Amino acid sequence: MLPPIATIIDNFSILDEGPDRYEYLIELGRALPPFPEDLLTEENRVHGCESQVWVESRLDPAEAPPRLHLRGTSDSVITKGLIALVMALHDGKTPEEIGRVDVFKVFKEIGLGAHLTSKRSNGVRSMAERIHRDAARLAA
């Protein structure tokens, strides 16, 4: 189970630059719940990522107000960690709250933004944009 985003940010603040941060990122990816094989569909695939990435978004209308819940996975351990971070920033929020999430601001705050390759940065952008689009679509 993923820790809350505030805990993740605190944990990154005490880690040294480099390998420790990547190891924690990999650990976050391992904390993601299993992704059902039947959801590994083209509809759930996130385009624009170097690795294979799948995200499933669902709005829970039983919650007041309705909140978005996410699941995701990747075939890459580091990318899976990035998915975990992106999900921790978005999961359980209303579509309106999701529209205000700035993933790269948080990545910069935790010192991860400068360490992402351009391909990984594009992948994170694709994941965040996908979640924002899903939130808007499901709220409509």
Side-chain angles (χ1 to χ4, degrees):
M1 182 166 181
L2 283 177
I5 190 62
T7 301
I8 293 171
I9 290 170
D10 287 345
N11 289 342
F12 268 107
S13 73
I14 61 172
L15 294 172
D16 291 330
E17 295 289 320
D20 290 342
R21 289 173 181 262
Y22 277 104
E23 189 59 41
Y24 182 55
L25 197 59
I26 291 168
E27 185 180 315
L28 288 172
R30 289 183 183 133
L32 285 172
F35 195 80
E37 203 166 305
D38 64 322
L39 294 178
L40 296 174
T41 63
E42 189 61 28
E43 180 182 324
N44 289 330
R45 195 162 78 83
V46 178
H47 297 274
C49 299
E50 182 177 17
S51 302
Q52 296 290 312
V53 174
W54 294 269
V55 172
E56 187 229 7
S57 307
R58 65 177 178 79
L59 196 64
D60 187 350
E63 294 180 277
R67 298 183 176 279
L68 196 73
H69 294 283
L70 304 161
R71 291 191 281 188
T73 195
S74 175
D75 60 350
S76 159
V77 292
I78 290 179
T79 302
K80 203 169 178 178
L82 293 171
I83 292 168
L85 258 175
V86 171
M87 291 197 169
L89 285 164
H90 293 92
D91 190 63
K93 291 186 169 31
T94 66
E96 294 76 25
E97 291 169 329
I98 286 173
R100 295 189 297 270
V101 172
D102 184 344
V103 171
F104 286 104
K105 180 180 175 191
V106 175
F107 274 48
K108 185 177 179 183
E109 179 183 332
I110 64 175
L112 201 58
H115 298 286
L116 291 179
T117 64
S118 62
K119 288 181 180 183
R120 283 206 173 108
S121 184
N122 287 337
V124 168
R125 181 175 290 106
S126 294
M127 284 182 249
E129 287 173 354
R130 163 67 182 272
I131 291 167
H132 287 232
R133 279 193 314 272
D134 285 355
R137 177 181 53 80
L138 292 168

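Since the model is a prediction, treat every value here as computed from it, not as a measurement.
- Note that CG of Leu68 is 9.0 Å distant from NE2 of His90, once rounded to the nearest 0.5 Å.
- In this structure, Ile8 and Leu85 have side chains that are in contact, with non-hydrogen atoms separated by less than 4.5 Å.
- Arg21 contributes a side-chain N or O that, together with a main-chain N or O of Phe12, makes up a donor-acceptor pair within less than 3.5 Å.
- Side-chain atoms of Ser74 come within 3.5 Å of backbone atoms of Gln52 as a donor-acceptor pair (strictly under, hydrogens ignored).
- His132 and Ile98 get closest at one heavy-atom pair: CE1-O, 2.8 Å.
- In this structure the side chain of Leu25 reaches within 4.5 angstrom of the side chain of Leu112, judged on heavy atoms.
- Between the side chain of Asp91 and the backbone N or O of Leu70, at least one donor-acceptor pair lies under 3.5 Å.
- With rounding to the nearest 0.5 Å, the separation of NZ in Lys105 from CG in Leu89 is 11.5 Å.
- Nearest heavy atoms, Leu82 versus Phe107: CD2-CE2, 3.7 Å.
- No continuous path of hydrophobic side-chain contacts links Leu39 to Val46 [ILVMFWY only; heavy atoms under 4.5 Å].
- Of all the heavy atoms in Glu96 and Arg100, the pair that sits closest is O-NH1, 3.5 Å.
- Judged by distance alone, the side chain of Ser13 and the main-chain N or O of Asp10 form a donor-acceptor pair under 3.5 Å.
- To the nearest 0.5 Å, atom CZ of residue Arg130 and atom SG of residue Cys49 are 10.0 Å apart.
- Note: Arg30 CZ to Lys80 NZ = 9.5 Å, rounded to the nearest 0.5 Å.
- The shortest side-chain heavy-atom distance between Thr79 and Met127 falls under the 4.5 Å cut-off.
- Annotation: side chain of Ser57 is not in contact with side chain of Arg133 (no heavy-atom distance under 4.5 Å).
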message = Could you go through Glu42 and Arg45, starting from their C-alpha distance and side-chain angles, then the distance that decides it, and tell me whether this counts as salt bridge (charged side-chain N to carboxylate O under 4.0 Å, His left out)?
response = CA-CA 5 Å; Glu42 189 61 28; Arg45 195 162 78 83; 3.3 Å; yes

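- Ile131 and Leu40 are not part of a single hydrophobic cluster, where members link through side-chain heavy atoms under 4.5 Å apart.
- The structure places NE2 of His69 at 11.0 Å from CD of Glu56, a figure rounded to the nearest 0.5 Å.
- The two atoms that bring Ala88 and Ile5 nearest to each other are O-CB, 3.7 Å, heavy atoms only.
- With rounding to the nearest 0.5 angstrom, the CD atom of Glu50 is 11.0 Å from the CD1 atom of Ile78.
- Looking at heavy atoms from C-beta onward, Pro95 lies out of side-chain contact with Leu138 at the 4.5 angstrom threshold.
- The shortest heavy-atom contact between Met87 and Gly72 is CE-N, 3.0 Å.
- Considering every non-hydrogen atom in both Tyr24 and Pro3, the closest pair reads OH-CG, 4.2 Å.
- Leu59 is not connected to Trp54 by any chain of hydrophobic side-chain contacts under 4.5 Å among Ile, Leu, Val, Met, Phe, Trp and Tyr, and they are in different clusters.
- Under a hydrophobic clustering in which Ile, Leu, Val, Met, Phe, Trp and Tyr are joined whenever their side-chain heavy atoms come within less than 4.5 Å, directly or via other members, Phe35 and Val77 fall into different clusters.
- Panel note: side chain Asp20, backbone Leu15; no donor-acceptor pair is recorded below 3.5 Å.
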message = Set out, in order, the CA-CA distance, both residues' side-chain angles and the distance that settles side chain to side chain contact (heavy atoms under 4.5 Å, CB included) for Ile83 and Thr73, then state yes or no.
response = CA-CA 7 Å; Ile83 292 168; Thr73 195; 5.5 Å; no

